[in-house]
Amino acid sequence: YPGLVNDIDATNAAKTSARQYMGDAQVVDMPIRMGSEDFAYYTHHVPACFYRLGTGNDAKGTTKGLHTPSFDIDEVVLRQSTGLLAWLAVNA
């Protein structure tokens, strides 16, 4: 896979819109990672922003890692994630 590098302008626009939708406390910068992601192919053709959306909830016990057999999702995130994606499409 090619390297995935977020476009600065697209990322700033996405962060601004995400803060409007979810609030400042819910939008945080993540440490740089050396992972592999097929989304990187898009970033070589159009300005793009790859973001991660947290799915864990300590109170509900949904805290296991994404690619593990014990992964579970706080289903509230499903509504939040689709709303955020629509908000970004219209506003970012």
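FYI, the numbering just counts along the sequence from 1.
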Joining Ile, Leu, Val, Met, Phe, Trp and Tyr whenever any side-chain heavy atoms lie under 4.5 Å apart, the cluster holding Met30 also takes in Val28
CD1 (Ile73) and CG (Leu53) are apart, to the nearest 0.5 Å, by 8.0 Å
When rounded to the nearest 0.5 Å, the distance separating CD of Gln80 from OG1 of Thr55 is 11.0 Å
- Item | Pairwise side-chain contact, Gln20 with Trp87, heavy-atom cut-off 4.5 Å (strictly under) | yes
Smallest heavy-atom separation, Cys49 atom then Ala14 atom, equals SG-CB, 4.0 Å
Separation between OG (Ser17) and CG (Leu84), nearest 0.5 Å, reads 9.0 Å
Apart from Tyr42 itself, members of its ILVMFWY cluster (side-chain separation under 4.5 Å) are Leu4, Phe39, Phe50
Nearest heavy-atom approach of His44 to Pro2 is NE2-CB, 3.3 Å
- Message: Do Tyr21 and Asn91 have side chains that approach each other closer than 4.5 Å (heavy atoms only, starting at C-beta)?
- Response: no
Tightest non-hydrogen contact, residues Ala48 and Thr43, listed as CB-CG2, 3.7 Å
- Query: So, Ser81 side chain and Leu78 main chain: donor-acceptor pair closer than 3.5 Å or not?
  - Reply: yes
**Prompt:** Do Asp29 and Lys15 have side chains that get closer than 4.5 Å, going by heavy atoms?
**Reply:** yes
Within a 6.0 Å radius of atom CG on Asp38, are there more than 12 heavy atoms belonging to other residues, nucleotides or ligands? yes
Original post:
Just wondering, are more than 12 heavy atoms of other shown residues or ligands nearer than 6.0 Å to CD1 in Ile8?
Top reply: no
Those residues at least two apart in sequence (or on a different chain) that pass side chain to side chain donor-acceptor pair (under 3.5 Å) with Asp24 are none
### Message
Quick one: does any side-chain atom of Asn57 pair with a main-chain N or O of Lys60 as donor and acceptor, under 3.5 Å?
### Response
yes
Here the pair of heavy atoms bringing Arg79 nearest to Thr82 is O-OG1, 3.1 Å
Is the closest side-chain heavy-atom distance between Phe71 and Thr63 below 4.5 Å? no
- Item | Within 6.0 Å of CD in Glu75, more than 12 heavy atoms from elsewhere | no
4.5 Å side-chain heavy-atom contact, Tyr51 and Leu88 = yes
